[in-house]
Amino acid sequence: MNKNNKNIVSIEDRIPKLKEARKKKANRRLVFYMTIFFFLISIIIYLQSPLSEVKQVTVQNNAFVPDEEIVEISGLSEKQNIWAIDFAAVEETLENNPIIDTVTVDRKLPSTVAITVQEKEIIGILETEEGTYLPVLESGELLEMVEYQSFTGEAPLLIGFTDQEYLAKAANELNKLPKDILDLISEMYWQPTEDNKNNVLFYMNDGFIVQSSIRDFADGMTIYPSVVSQLDPEVKGVIHMGVGVYFEAFDAEDEEVNADDEELMGESETGESEE
């Protein structure tokens, strides 16, 4: 009897605690739902307010297309909702520009859109008949919207290329060259003859001239450093790269050093001296 009474009293003592626990749980749940509610309301207010509008559009990594032109092509402007921009569509639009290779558009909170472009490789600068200079892409396409009044020196100067077909061939071969070899070329002249439309001359930054053919000259030019390393740097001349490789000094036209495509031999042929 006493035991039963003790149990009944114990349960009655716990009832207020259970009620208090349920009340605290209900309060926590209410606070949680109210937090979610106010968070959603805040998002709606933010999206409808000027705080979510684009305030700045930045352009990075461009050299030839001006910032203003890229922004104009993109269609982006201030007052746009930064969350409503279709970045994939903007990137596709910009990549239609002939100079631009790839584009990445990112959202930089709170209010900036960043455009990062990768422009196509400028493989040469063409000197026009009018005396101006146009960048040449690796495809041979001319960037006529980017015209220089003087040579900038950022790529080999291409001279005499009046035929688009041969310009495209030359650009394609230049694009195959390793950068360290391409940087050695100062000027490239197209000098076609009746018998050989592919004849070209390279004026190198180290003072040598290379005579070659537009067809596959990239393969031959890869051995240029090896060839030059076996020549006297004080004796300048023309390095002929064709079926064979040989050197012809400027001051001794009858002195030649013969070599095959793999290795320049050190032997020279010297003609008889005049009496």
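Index from 1, following the sequence. Reckoned from all heavy atoms, side chains included, excluding hydrogens, waters and symmetry mates.
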Atom NZ of Lys108 with >12 non-hydrogen neighbours under 6.0 angstrom: no
Non-hydrogen atoms of Ala170 and Phe161 that approach each other most closely: CB-CE2, 3.7 Å
Contact summary for Asn81 and Ile85, nearest pair of heavy atoms: O-CG1, 3.5 Å
Ile36 with Val31, same ILVMFWY side-chain cluster at under 4.5 Å: no
Please set out all donor-acceptor pairs under 3.5 angstrom arising from side-chain atoms of residues 96-105, sequence neighbours excluded.
unit_1 : atom_1 : unit_2 : atom_2 : d
Asn96  : ND2    : Glu92  : O      : 3.4
Asn97  : OD1    : Ile99  : N      : 2.9

Distance (rounded to the nearest 0.5 Å) between Lys179 NZ and Ile181 CD1: 11.5 Å
Minimal non-hydrogen separation, Leu167 against Gly140, with atom names: CD2-O, 3.8 Å
Donor-acceptor contact below 3.5 Å, side chain Glu119 vs main chain Val65: yes
Ion pair check, Glu165 and Lys169, cut-off under 4.0 Å: yes
Could you list the donor-acceptor pairs under 3.5 angstrom formed by side chains in residues 198-206, with sequence neighbours left out?
unit_1 : atom_1 : unit_2 : atom_2 : d
Asn199 : OD1    : Gln211 : NE2    : 2.5
Asn199 : ND2    : Gln191 : O      : 3.2
Asn205 : ND2    : Asp183 : O      : 2.8
Asn205 : ND2    : Leu184 : O      : 3.3
Asp206 : OD1    : Phe208 : N      : 3.3
Asp206 : OD1    : Tyr224 : OH     : 2.8
Asp206 : OD2    : Tyr224 : OH     : 2.8

Heavy-atom donor-acceptor pair, Lys197 side chain to Glu194 backbone, under 3.5 Å: no
Straight-line distance of Met221 CE to Met241 CE, nearest 0.5 Å: 6.0 Å
Pairs touching residues 163-188 that satisfy ring pair (Phe, Tyr, Trp, His ring centres under 6.0 Å), sequence neighbours left out: Tyr166-Trp190
Side chain to side chain, Ile239 and Val228, heavy atoms closer than 4.5 Å: yes
Heavy-atom pair with the smallest gap, counting every atom of Glu173 and Ala218: OE1-N, 3.1 Å
Nearest heavy atoms of Asp106 and Phe87, plus distance in Å: C-CE1, 3.9 Å
Asp180 CG to Thr222 OG1 distance, which is reported to the nearest 0.5 Å: 10.5 Å
Pairs satisfying salt bridge (Lys or Arg N to Asp or Glu O under 4.0 Å), at least one member in residues 212-227, at least two apart: none
Point-to-point distance, once rounded to the nearest 0.5 Å, from CZ of Phe250 to NZ of Lys236: 9.0 Å
What donor-acceptor contacts under 3.5 angstrom involve side-chain atoms of residues 131-138, with partners at least two apart or in another chain?
unit_1 : atom_1 : unit_2 : atom_2 : d
Thr132 : OG1    : Thr128 : OG1    : 2.8
Thr132 : OG1    : Glu147 : OE2    : 3.1
Tyr133 : OH     : Glu127 : OE2    : 3.4

hydrophobic_cluster_shared for Leu109 and Leu76, side chain cutoff 4.5 Å: yes
Nearest atoms (heavy-atom pairs only) where Val113 meets Ile82: CG2-CG1, 4.1 Å
Reported CD1-to-CG distance for the pair Ile70 and Asn62, which is rounded to 0.5 angstrom: 4.0 Å
With sequence neighbours excluded, residues passing salt bridge (Lys or Arg N to Asp or Glu O under 4.0 Å) with Glu72: none
Whether Gln80 side chain and Ser77 backbone form a donor-acceptor pair below 3.5 Å: yes
Pairwise distance CG(Leu182) to CG(Leu174) - rounded to 0.5 angstrom: 6.0 Å
